[in-house]
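Input: a single structure, listed below in structure tokens.
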Amino acid sequence: LTTTESMVRELKQHGFSGEVVSWTRGVDRNFFYPKIYRQNTELTLVCVARVSKEKNLEDFFDLNYPGAKKVMVGDGPMLETYKKKYPDIDFVGFKTGHDLSYYYNLADVFVFPSKWETFGIVMIESMACGTPVAAYPCDGPKDVIEQGVTGFMNGSLSDAIDGCLQLNRDRVIKSSQKWSWDNAWHTFRDNLIK
């Protein structure tokens, strides 16, 4: 069992034989669901990630999207460095549960700047709140985002954001229902008894 269809293909290319199966992830819908926080007077872009170099956060910080407020949720080894280098970014620190859900619900668009991920659970948490995801077309997002439904993938994050702003948040929520722990359990159970 592995995280995504992309990982299934990669493992098979590296010689794994036998059955390799994608084992989905889920969202705790006791925390991640649509709330009424999103009453912004300005466009709000949110990123949730470990604040480290490999997450490619500079692409989010440097994003030229006029009039947008950018919020970075997370902690990590580069936090203090990035706070000094990017004083216009609202760094709010590490959040969990309802506190984390608040930021997904605050966002007009969730921006996922990573260029390689094994999954990216933050994307499905965002979608469960009705917030579409703007990302690069790479492993992780390609396995999670339904192009034009739950988000947009583009080589330009600005263009992906433009697309996301046109999406229906109710459709984002509806499509996110497949990311459930019940589905994850069924995949595990069904492959355990083979």
Does any non-hydrogen side-chain atom of [Y] lie less than 4.5 Å from one of [X]?
{"X": "E125", "Y": "V48", "result": "no"}
{"X": "C164", "Y": "V133", "result": "no"}
{"X": "P77", "Y": "R50", "result": "yes"}
{"X": "V144", "Y": "M127", "result": "yes"}
{"X": "L63", "Y": "I161", "result": "yes"}
{"X": "D162", "Y": "F152", "result": "no"}

Spatial distance of atom [atom1] ([X]) from atom [atom2] ([Y]) [nearest 0.5 Å]:
{"X": "Y103", "Y": "D90", "atom1": "OH", "atom2": "CG", "answer": "6.5 Å"}
{"X": "L100", "Y": "N105", "atom1": "CG", "atom2": "CG", "answer": "10.0 Å"}
{"X": "N64", "Y": "S156", "atom1": "CG", "atom2": "OG", "answer": "10.5 Å"}
{"X": "K70", "Y": "L43", "atom1": "NZ", "atom2": "CG", "answer": "10.5 Å"}
{"X": "T150", "Y": "R169", "atom1": "OG1", "atom2": "CZ", "answer": "12.5 Å"}
{"X": "L106", "Y": "C129", "atom1": "CG", "atom2": "SG", "answer": "11.0 Å"}

Short side-chain to backbone donor-acceptor contact, [X] and [Y], under 3.5 Å:
{"X": "D75", "Y": "G93", "value": "no"}
{"X": "S101", "Y": "H98", "value": "no"}
{"X": "S126", "Y": "T131", "value": "yes"}
{"X": "D159", "Y": "N154", "value": "no"}
{"X": "T44", "Y": "E42", "value": "yes"}
{"X": "K35", "Y": "Y102", "value": "no"}

CA sep, side-chain torsions, deciding dist, call: Y65, L157, side-chain contact (heavy atoms from CB on, under 4.5 Å) | CA-CA 10 Å; Y65 211 90; L157 286 178; over 6 Å; no

Cluster overlap [X] with [Y], hydrophobic side-chain contacts below 4.5 Å:
{"X": "V122", "Y": "V92", "answer": "yes"}
{"X": "L165", "Y": "V111", "answer": "yes"}
{"X": "I121", "Y": "V46", "answer": "yes"}
{"X": "V27", "Y": "Y33", "answer": "no"}

Between E58 and Y86, does any side-chain donor sit less than 3.5 Å from a side-chain acceptor?
->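 No, no side-chain donor-acceptor pair sits under 3.5 Å.
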
Exercise: identify the closest heavy-atom pair between A135 and I145 =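 Looks like CB-CD1, 3.7 Å.
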
Where I173 and P34 come nearest, the two heavy atoms and their spacing =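 Smallest interatomic distance, heavy atoms only, reads CD1-CG, 3.1 Å.
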
What do the steps show when you test L45 against F60 for side-chain contact (heavy atoms from CB on, under 4.5 Å), and what is the final call?
-> CA-CA 9 Å; L45 307 174; F60 173 63; 4.0 Å; yes

Pairs flagged by salt bridge (Lys or Arg N to Asp or Glu O under 4.0 Å) wherever residues 145-157 is involved - sequence neighbours left out | E146-K178

Can we call the ring centroids of F91 and Y82 under 6.0 Å apart?
-> no

Set of residues satisfying ring pair (Phe, Tyr, Trp, His ring centres under 6.0 Å) with respect to Y136, sequence neighbours excluded | none

Mind checking ring pair (Phe, Tyr, Trp, His ring centres under 6.0 Å) for F32 and listing every partner two or more places apart, or none if nothing turns up?
->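 Testing F32 for ring pair (Phe, Tyr, Trp, His ring centres under 6.0 Å), a comparison that skips the adjacent residues, returns Y104.
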
Steps toward side-chain contact (heavy atoms from CB on, under 4.5 Å) verdict (C47, L57) = CA-CA 8 Å; C47 179; L57 298 173; 3.7 Å; yes

F112: which of K55, M153, M123 passes side-chain contact (heavy atoms from CB on, under 4.5 Å) =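 One option only clears the test, and that one is M123.
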
